[in-house]
Amino acid sequence: WALVREAQRRAAREISGVTVLSTLHCGLSDSIHNDAVSNVMLGEKMARHCAGILCGGQPFFAPDIESAVWKDNELVLSFSNVADELELSRLPADRCGFLVEDGKTPVPVVAWRTEKNKIILTLEHTLKKDCTVSYAWEVNPVSQPVMDLVTYLPLLSFYRFPVQIE
């Protein structure tokens with residue numbers, strides 16, 4: 001699932017006319033199909049998304065990762081397409097949906113917070129090199145995804161996004 005979601009996210013960035021809408025907040029009726037309420041919600045969000053693209057309406061894109069920078073002992077993730085600010089779920093940091101890897105070794109997240117279009121992760125130890133960060137990469141990613149406070153769109157999932165060390 002991680003590779004499929006990452007390919008979809010990249011296709012929307014790299015191929016003209018391709019867009020993507022996050023469905024991380026949709027409930028399921030079985031192991032793969034959206035439930036009825038989610039289908040209605042998704043239809044409404046797709047209509048707003050299409051109106052923004054085809055009719056020149058208000059842009060309606062899900063927040064997407066722009067950069068990941070390790071600085072001053074914090075991992076700062078910056079996102080595009082944030083209308084005002086991001087809202088974190090009330091999940092504890094160890095279940096926030098982010099995976100930080102130092103090489104191939106997971107580094108536990110011990111705290112998290114937001115500042116407008118940024119999510120700042122405090123980690124158990126300092127990052128060295130060849131680090132990546134992923135979000136919602138698992139089959140059943142997160143029960144309460146990070147959302148844009150205005151659009152109520154969750155972040156697009158991403159997989160092994162490179163971390164810049166400063």
### Query
Mind checking who shares a hydrophobic cluster with F61, ILVMFWY linked at side-chain heavy-atom distances under 4.5 Å?
I53, L54
### Query
Within the side chain of K45, is there an N or O that forms a donor-acceptor pair under 3.5 Å with the backbone of Y152?
yes
### Query
Atom OG1 in T126, atom CG in L75: separation rounded to 0.5 Å?
12.0 Å
### Query
Quick one: are L156 and I65 in side-chain contact, heavy atoms under 4.5 Å?
no
### Query
With a 4.0 Å cut-off, would you call K104 and E101 a salt bridge?
no
#### Entry: Closest non-hydrogen atom pair between P63 and L153, with its separation
CD-O, 3.7 Å
### Query
Where is the tightest heavy-atom contact between N81 and A62, given as atom of each residue plus distance?
ND2-O, 3.3 Å
### D148 (side chain) donor-acceptor with V150 (main chain) under 3.5 angstrom
yes
#### Entry: Cluster link F161 to V69, ILVMFWY, side chain under 4.5 Å
no
Which donor-acceptor pairs under 3.5 Å do the side chains of residues 83-93 make with protein atoms, sequence neighbours left out?
residue, atom, partner, partner atom, Å
S89, OG, L91, N, 3.4
S89, OG, Q144, O, 3.2

### Task
Verify, without hydrogens or angle tests, whether S134 (side chain) and R160 (backbone) share a donor-acceptor contact under 3.5 angstrom.
yes
### Message
The test is side-chain hydrogen bond (donor to acceptor under 3.5 Å, both in side chains); show your working for D35 and S38 and say whether it passes.
### Response
CA-CA 5 Å; D35 60 28; S38 293; 2.8 Å; yes
### Query
Going from CD1 on I165 to SG on C131, what distance comes out if it is rounded to the nearest 0.5 angstrom?
4.5 Å
### Task
Please work out whether the ring planes of W112 and F98 are parallel, tilted or perpendicular, with thresholds of 30° and 60°.
perpendicular
### Message
If I compare all heavy atoms of V163 with all of V133, which pair ends up nearest, and what's the gap?
### Response
CG2-N, 4.0 Å
### Task
Say whether M147 and F60 are linked into one hydrophobic cluster, either directly or through other cluster members, by side-chain heavy-atom distances under 4.5 angstrom.
no
### Message
Assess whether a salt bridge exists between R48 and E44, defined as any Lys/Arg side-chain N lying under 4.0 Å from an Asp/Glu carboxylate O.
### Response
no
### Task
Determine whether W137 and L99 make a side-chain contact, defined as any pair of heavy atoms from C-beta on separated by less than 4.5 Å.
yes
#### Entry: Closest approach of F79 to I119 (non-hydrogen atoms, all atoms of both residues)
CE1-CD1, 3.8 Å
### Query
Please walk me through it: do H125 and D102 pass side chain to side chain contact (heavy atoms under 4.5 Å, CB included)?
CA-CA 10 Å; H125 65 75; D102 196 343; 3.8 Å; yes
### Message
If the test is side-chain contact (heavy atoms from CB on, under 4.5 Å), which one of L77, V110, V107 qualifies with L121?
### Response
L77
### Query
Any ion pair linking R113 and E74 (charged N to carboxylate O, less than 4.0 Å)?
yes
### Task
Write down the atom of R5, the atom of A136, and the distance for their closest heavy-atom approach.
NH1-O, 3.2 Å
## Note on the structure
side-chain contact (heavy atoms from CB on, under 4.5 Å) with T19: of R13, H49, M46, Q8, only one passes, and it is H49
### Spatial distance of atom CG (N73) from atom CG (L127) [nearest 0.5 Å]
9.0 Å
#### Entry: S80 side chain to D64 backbone, donor-acceptor under 3.5 Å
yes
### Query
Between T114 (side chain) and K116 (backbone), is there a donor-acceptor pair under 3.5 Å?
no
### Message
Between R9 (side chain only) and Y159 (backbone N and O only), is there a donor and an acceptor less than 3.5 Å apart?
### Response
no
#### Entry: Residues F158, E6; criterion side chain to side chain contact (heavy atoms under 4.5 Å, CB included); working and verdict
CA-CA 5 Å; F158 50 90; E6 180 63 13; 3.5 Å; yes
